[in-house]
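Report on one structure; see the data block that follows.
In what follows, chains carry the letters A, B, and so on, assigned in the order in which the sequence lines appear, proteins first and then strands, with residues in each chain numbered from 1.
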Protein chains: 2
Amino acid sequence: MRPSIKEVATLAGVSIATVSRLLNHPGTVSAETAARIQHSIAQLGFRPNFTGRNLRAGSSRTIGVVLPTLANTVFAQCLQGIELAARVLDYSVMFTTTEYHPADESAAVELLLGHRVDGIILTVADASASPTLDLLERERIPFVLTYNQLPYAQADAAARASVSVDNRVAACDAVNHLMAAGHRRIRMLSGCFNESDRAVQRYLGYLDAMRAAGLEPLPPIQLAMHTTTTAADYQQMLSSPRLRPTALFCSNDMLALNAMRDLRALGLSLPQDMSVMGFDGIPIGALVEPVLASVVQPSEQIGEVALRTLVGLLERRGIGLVAPGDGGRHVLAHDIRSGTSVRPLAGT
Amino acid sequence: MRPSIKEVATLAGVSIATVSRLLNHPGTVSAETAARIQHSIAQLGFRPNFTGRNLRAGSSRTIGVVLPTLANTVFAQCLQGIELAARVLDYSVMFTTTEYHPADESAAVELLLGHRVDGIILTVADASASPTLDLLERERIPFVLTYNQLPYAQADAAARASVSVDNRVAACDAVNHLMAAGHRRIRMLSGCFNESDRAVQRYLGYLDAMRAAGLEPLPPIQLAMHTTTTAADYQQMLSSPRLRPTALFCSNDMLALNAMRDLRALGLSLPQDMSVMGFDGIPIGALVEPVLASVVQPSEQIGEVALRTLVGLLERRGIGLVAPGDGGRHVLAHDIRSGTSVRPLAGT
DNA sequence: ATGAAAGCGCTAACAT
DNA sequence: ATGTTAGCGCTTTCAT
């Protein structure tokens, strides 16, 4: 067993209370005893046990993070942002994944609650109907959603905190970008709607843009996986020349890159035979050729803001205040990255 | 404050010991009381507090993970592998980043030790001279290195556990692959050597291959950042037509993709004017055009094996056995992904 | 300035 | 089958 505060106290010839004081309120201990205690600490290689401290304090200075998967770069960036910000504020991060399975969300949260994390940052499949969020609310544990975009707060309901871009508007902007390049027959390729409310919002944005332009929206192609495709997904779309789109708007960049690979495998030249636009703006998209046109969301910043918001909630609660009415519903600015994956159409 | 085992006991009209028994050794409790306790648990929304349990047990069923950055996909994949495997074995994961700064490694580990994680999985700058690893060893806390490749165990020294590919051999294979395509003037583009012992090993592999082929190795181009470049990095290399390489071997894929972007910006056509090969085999490399030739290391598997190895160490220690002589020095198989980013040279 | 003691939630002897 | 109790490491009154 590692040395505890008790061994240090004994070695220094003081009581454990004095050691604790030196650790937590230096200055309330005389210089002489302080030195003696420091010496004992060094000699024993003592390291305060957070478990004891946490048990006593009822808080762990640890936050939980629940994301769908790290296979999608966008979430890796977000976690990176969270971790960096947490480190600055002296919080630790416990991390879990759901693989996009709503069922895993509750399990993940249950585990984190068992560890008594102070708060949770999470991305759920559907924020507007999530037993997991209800649980969190019932347990009164502060949480901040990332990527999930909440409806504006009802007058009666307490607003939940969230950090995201405006997915619907952003998707609309993307489709407008395609239309500005002369595209009319635009089809959406999307991850499974009931595993991602973002995908739904982005599809709605697609509808908005198409309708505003007086164009007939095409039915979305929904995929089983969020970031992977099979050639079969395109057969139907490509088979009918009349229905064949000139541009594909994908609900995320990984999907867009996969689609591009598949289309090339089917013999198409990009962007000559098909324009592709993504969503997320992952850094790699800007490195490849053709450059992937995309909606850039500031993922690392989303993580950072989420963490700061959460910590804000935690400290505020410490002071005894309730979360303010509008919680922290952060809608960050998105940006359109034009890229050579979108070909301007002749006759525009 | 949340309900504790005490409230449950009171409500059910039993002692806390009985509640604890039901939780940990069901079957030693009569069906009738069990039902009564379950009812109280549900009614109170009781959830066992791991902090109390951990303090008592002296172990947390939590492992710490320290990686350089998630901005490099390869580490995101590794963490993904760790998390998945941890979840299966019912371990939680506390995650930290070092940004490649050796100084941050110790700080990260100190924090994890404070939390009393049962073990640590980490990637350090230089495993052969790491105060952090020495600390871990002194504290007798089980750990497994990922990506860091250890020298074969000395007879006297206790072997450290590690999971990696054979970086030197893999790099040699990569350069041989380039040479098989007819390249002779091959230059290495690398992350900072003293922030990555892998980069050093890979450079050594480069030297091996060049020398074995009777070719004069070129000096490596070392970059300040591991995954980012600036056009200036190439000026010198490209300025002298006589010294201009036909192929670039990059110490990681992110770097390779950055380099390709930069070279294109400088007006080169790829792979016509320059062949590029990477290292890591990140999934995206296979999606882009030209396909990025690379050394594929099984990153997610590296994470999974690391976790299983660590848990093996933990459980074994529980039984009272010491770690075996060869620890777990796992060298996983790598694979060469040929890609169109390498152009076969005429006159081969 | 320092010490004594209670208690955070839990488990495992040790009783009964 | 169940209860009593000590104690994991720590912080914090309350005394002194």
Distance only, no hydrogens: is a donor on one side chain within 3.5 Å (strictly under) of an acceptor on the other, for [X] and [Y]?
{"X": "S162(B)", "Y": "Q149(B)", "value": "no"}
{"X": "N194(A)", "Y": "D126(A)", "value": "no"}
{"X": "S164(B)", "Y": "H330(B)", "value": "no"}
{"X": "Q80(B)", "Y": "E304(B)", "value": "no"}
{"X": "Q301(A)", "Y": "Q77(A)", "value": "no"}

Which nucleotide, [options], lies nearest any side-chain atom of [X]?
{"X": "A17(A)", "options": "dT12(D), dT2(D), dC10(D)", "value": "dT12(D)"}
{"X": "R21(B)", "options": "dC10(D), dA1(D), dG3(D)", "value": "dG3(D)"}
{"X": "N49(A)", "options": "dC10(D), dC14(C), dC10(C)", "value": "dC10(D)"}
{"X": "S30(B)", "options": "dC10(D), dT2(D), dT2(C)", "value": "dT2(D)"}

Side-chain N,O ([X]) to OP1/OP2 ([N]) below 4.0 Å:
{"X": "T51(A)", "N": "dC8(D)", "answer": "no"}
{"X": "T18(A)", "N": "dG3(C)", "answer": "yes"}
{"X": "T33(A)", "N": "dT2(C)", "answer": "yes"}

Tell me: [atom1] of [X] to [atom2] of [N], nearest whole Å?
{"X": "L55(B)", "N": "dA6(D)", "atom1": "CG", "atom2": "P", "answer": "17 Å"}
{"X": "I16(B)", "N": "dT5(D)", "atom1": "CD1", "atom2": "C1'", "answer": "9 Å"}
{"X": "L113(A)", "N": "dG9(C)", "atom1": "CG", "atom2": "P", "answer": "16 Å"}
{"X": "R36(B)", "N": "dG3(D)", "atom1": "CZ", "atom2": "P", "answer": "8 Å"}
{"X": "R61(A)", "N": "dC10(D)", "atom1": "CZ", "atom2": "P", "answer": "18 Å"}
{"X": "H25(A)", "N": "dT2(C)", "atom1": "NE2", "atom2": "P", "answer": "15 Å"}
{"X": "N54(A)", "N": "dG9(D)", "atom1": "CG", "atom2": "C1'", "answer": "11 Å"}
{"X": "L44(B)", "N": "dG9(C)", "atom1": "CG", "atom2": "P", "answer": "13 Å"}

Worksheet item: Would you say the base of dG9(C) and the side-chain of R2(B) have a donor-acceptor pair closer than 3.5 Å?
Response: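 No.
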Worksheet item: With a 3.5 Å cut-off and just heavy-atom distances, do the side chain of R116(B) and the base of dG9(D) make a donor-acceptor pair?
Response: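 Check fails, no donor-acceptor contact within cut-off.
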Worksheet item: Between G52(B) and V19(A), who's closer to the 5' end of DNA chain D by nearest nucleotide?
Response: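 Comparing both residues, the 5'-ward one is G52(B).
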Fill in: 5'-most by nearest nucleotide on DNA chain D - S20(A) or K6(A)
K6(A)
Worksheet item: With sugar-phosphate meaning primed atoms plus P, OP1 and OP2, does N24(B) contact a base, only sugar-phosphate, or nothing at under 4.0 Å between heavy atoms?
Response: sugar-phosphate
Discussion item. Counting the atoms with a prime plus P, OP1 and OP2 as sugar-phosphate, which does L23(A) contact under 4.0 Å by heavy atoms, base, sugar-phosphate, or nothing?
Written reply: nothing
Worksheet entry | Test side-chain hydrogen bond (donor to acceptor under 3.5 Å, both in side chains) applied to S20(A) and N24(A), step by step | CA-CA 6 Å; S20(A) 176; N24(A) 300 288; 3.3 Å; yes
